[in-house]
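Below, read A as the first sequence line, B as the second, and so on, with proteins coming before strands; counting in each chain starts at 1. Being a predicted model, the structure only gives us computed values, none of them experimental.
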Amino acid sequence: MSLSIWLLKTEPNEFSIDDLKAKGAHGEPWDGIRNYQARNFLRDMKEGDLAFIYHSACETPAIVGLATIIRSAYPDQNALKPTSKYFDEKSTPDNIRWSMVDIQFKQKFANPLTLKQIKSDPALADMKLVKSSRLSVSPVSAFEYEHILGLI
DNA sequence: GCCAACGTTGGC
DNA sequence: GCCAACGTTGGC
């Protein structure tokens with residue numbers, strides 16, 4: 001099975017590509033996903049898969065770099081912690097509804113690919129990011145991956 | 001299981 | 001800060 005490519009959205013005010021880079025080889029849990037479609041994509045991720053990191057809700061929304069999935073989906077324990085902002089009252093220790101993966105910094109692009117550029121490129125018109133900008137985890141096709149790498 | 005109300009996201 | 005899009009909730 002070949003590796004898959006994904007896109008992970010984050011608000012740089014909360015957690016940016018630079019924050020991920022600072023975590024180094026230890027990587028970072030990609031937690032707090034509380035949307036079923038996004039969760040299901042998380043569960044499809046395999047160790048070694050790659051993910052574009054996208055900065056949203058900021059001055060220049062853009063794909064800013066690449067990360068590697070270093071651990072496939074496991075239960076998001078934050079769902080059980082009442083003090084966590086990711087607490088989910090409907091999750092129990094036997095049935096945690098939400099998942100997370102671990103990712104590791106791979107690359108920061110010298111020239112981020114802005115949402116404006118993405119939207120103006122016919123080759124990227126089918127991207128989930130363009131069609132439904134709210135989905136925080138989405139798949140990227142091999143064609144889109146190669147095309148984006150050719151642009152940055 | 002329908003659907004209105006409500007909350008959240010995120011570009012602008 | 002506005003507002004469109006859309007997911008979730010809950011009454012019936």
Is NZ or CZ of A:R71 both nearer than 6.0 Å to the six-membered ring centre of A:Y74 and within 45° of the ring axis?
yes
Given salt bridge (charged side-chain N to carboxylate O under 4.0 Å, His left out), test A:D88 with A:R34 step by step and report yes or no.
CA-CA 9 Å; A:D88 169 33; A:R34 295 291 179 270; 5.7 Å; no
[X], nearest nucleotide to its side chain (from [options]):
X	options	answer
A:R134	B:dG11, C:dG10, B:dT8	B:dT8
A:N35	C:dA5, B:dG11, C:dT8	C:dT8
A:Y36	C:dT8, B:dG10, B:dC12	C:dT8
A:K119	C:dT9, B:dC12, B:dG10	B:dC12

Salt bridge between A:D76 and A:R97, side-chain N to carboxylate O under 4.0 Å?
no
Atom of A:H26, atom of A:I70 and distance for their closest heavy-atom approach:
O-CD1, 3.9 Å
Send over the distance from [X] [atom1] to [N] [atom2], rounded to a whole Å.
X	N	atom1	atom2	result
A:E14	B:dT9	CD	P	10 Å
A:N13	B:dG11	CG	P	12 Å
A:E11	B:dG11	CD	C1'	12 Å
A:L8	B:dT9	CG	C1'	17 Å
A:M127	B:dG10	CE	P	15 Å
A:K9	B:dT9	NZ	P	11 Å
A:E89	C:dT9	CD	C1'	11 Å
A:L129	B:dG10	CG	C1'	11 Å

